[in-house]
Amino acid sequence: MSQLILIVEDEPDLATTLAYNLEREGLRTRIALNATKGLEYARLDPMPDLILLDLMLPDYPGTEVCKQLKIDDRTKDVPIIVLSARTDEIDRVVAFEIGADDYVTKPYSPRELLLRVRGILKHRPVVVEQADEIRVQRLKISAGSHRVWFDESEVDLTPLEFKMLLTLAQAPGRVWTRDKLLQDVWGGFNVTSRTIDTHVRRLREKLGDGGSYIQTVRGVGYRFVSPESA
Ligand code: CA
């Protein structure tokens with residue numbers, strides 16, 4: 001299940017644009033047009049994984065919403081990104097003091113905001129329903145211990161290489177664009193397509209014969225396949 005973002009924003013146009021941009025990136029959204037609804041939706045099941053909170057709301061200030069959420073056991077761990085039209089340093093300081101995780105000044109670029117959202121989400125434990133061990137033909141991956149074996153001999157991977165292999169192997173056959181890998185493996189950090197290609201090449205080299213499990217999809221990205229079953 002993809003992660004859920006609660007948008008607390010009283011300008012409907014802004015809220016829907018934001019929702020559109022987030023959903024395009026595979027996230028789910030819920031919109032609250034005032035503070036009261038914001039608090040209500042934050043506690044609704046399923047709980048949001050992150051809250052985007054406008055400070056200037058019609059019923060009462062976003063800072064109050066933030067405070068309420070941070071003193072409630074159910075919501076205190078949900079990260080909050082404050083959206084504010086004001087650039088005053090004081091607002092920024094106040095936002096962090098009341099427990100906001102990040103602060104974005106309006107007008108923001110959708111891309112910048114998305115990077116902030118991704119940056120925060122990647123530090124949140126994602127509940128992945130999966131067996132701890134993935135076995136595909138001659139390849140064995142232990143998700144829990146971060147170890148990999150090919151033909152029963154262990155392959156020494158960097159944490160990034162491991163993450164990439166695990167990401168690909170968890171969805172065999174699925175095509176990953178470089179953009180998607182950038183989001184899911186690098187957490188949206190600014191690396192070039194070439195960096196991704198270089199890491200894939202190294203990963204393949206380390207896997208030896210197992211390198212052929214990672215297939216290049218021309219002009220698009222990569223996918224994991226098990227050659228023996230193809
Ligand atoms: Ca507002």
Side-chain angles (χ1 to χ4, degrees), residues 1-127 177 179-180 182-191:
M1 188 70 95
S2 60
Q3 287 160 305
L4 175 67
I5 314 296
L6 170 61
I7 300 164
V8 187
E9 164 67 68
D10 62 315
E11 289 166 60
D13 286 354
L14 215 54
T16 45
T17 307
L18 206 49
Y20 170 78
N21 282 304
L22 294 167
E23 282 169 15
R24 217 173 46 170
E25 294 294 320
L27 296 159
R28 289 178 303 145
T29 60
R30 189 185 284 161
I31 295 174
L33 293 172
N34 58 49
T36 312
K37 285 280 171 213
L39 276 176
E40 186 189 325
Y41 290 175
R43 291 162 177 155
L44 229 115
D45 210 34
M47 302 265 297
D49 295 285
L50 185 144
I51 298 169
L52 295 174
L53 177 64
D54 181 27
L55 286 188
M56 306 275 270
L57 295 164
D59 42 355
Y60 55 93
T63 45
E64 199 50 46
V65 176
C66 189
K67 278 185 204 161
Q68 294 289 328
L69 293 171
K70 290 299 173 186
I71 55 167
D72 184 336
D73 270 350
R74 285 174 300 169
T75 53
K76 67 177 167 51
D77 294 325
V78 181
I80 297 173
I81 299 181
V82 161
L83 310 173
S84 174
R86 295 167 54 175
T87 53
D88 307 4
E89 188 61 25
I90 189 82
D91 271 16
R92 188 182 288 265
V93 172
V94 167
F96 288 124
E97 271 173 0
I98 57 173
D101 295 80
D102 207 346
Y103 185 98
V104 175
T105 309
K106 290 181 186 177
Y108 44 80
S109 81
R111 169 146 186 82
E112 187 206 342
L113 186 64
L114 197 71
L115 286 180
R116 305 279 194 102
V117 168
R118 289 287 185 198
I120 287 178
L121 287 179
K122 91 183 156 86
H123 295 300
R124 300 251 306 158
V126 178
V127 182
T177 63
D179 271 359
K180 188 87 177 88
L182 185 83
Q183 291 299 340
D184 290 15
V185 179
W186 275 266
F189 273 104
N190 237 343
V191 296

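Both ligands and their constituent atoms are indexed starting at 1 by order of listing. When a residue number appears, it is its place in the shown sequence, counting from 1. All values reported here derive from a predicted model rather than from experimental measurement.
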Fill in the blank from the handout: When rounded to the nearest 0.5 Å, the distance separating OG of S2 from CD of E25 is 12.0 Å

Check: residues 13-22 side-chain donor-acceptor pairs under 3.5 Å, at least two apart:
from: T16; atom 1: OG1; to: P12; atom 2: O; distance (Å): 2.9
from: T16; atom 1: OG1; to: D13; atom 2: O; distance (Å): 3.1
from: T17; atom 1: OG1; to: D13; atom 2: O; distance (Å): 2.7
from: N21; atom 1: ND2; to: T17; atom 2: O; distance (Å): 3.0

Problem - Set of side-chain hydrogen bond (donor to acceptor under 3.5 Å, both in side chains) partners for R116, sequence neighbours left out - result: D102, E112

Handout entry: Contact summary for I98 and K70, nearest pair of heavy atoms
Key = O-CG, 3.5 Å

Problem - NZ/NE/NH1/NH2 to OD/OE distance under 4.0 Å, K106 and E9 - result: yes

Show me the donor-acceptor pairs, under 3.5 Å and distance only, between side chains in residues 55-67 and residues at least two apart or in other chains.
from: D59; atom 1: OD1; to: A35; atom 2: N; distance (Å): 2.9
from: D59; atom 1: OD2; to: A35; atom 2: N; distance (Å): 3.3
from: D59; atom 1: OD2; to: T36; atom 2: N; distance (Å): 2.9
from: D59; atom 1: OD2; to: T36; atom 2: OG1; distance (Å): 2.6
from: E64; atom 1: OE2; to: Q68; atom 2: NE2; distance (Å): 3.4

Practice task
Measure distances from the Ca ion (ligand 1) and count the protein N, O or S atoms below 3.0 Å.
Solution key: 3

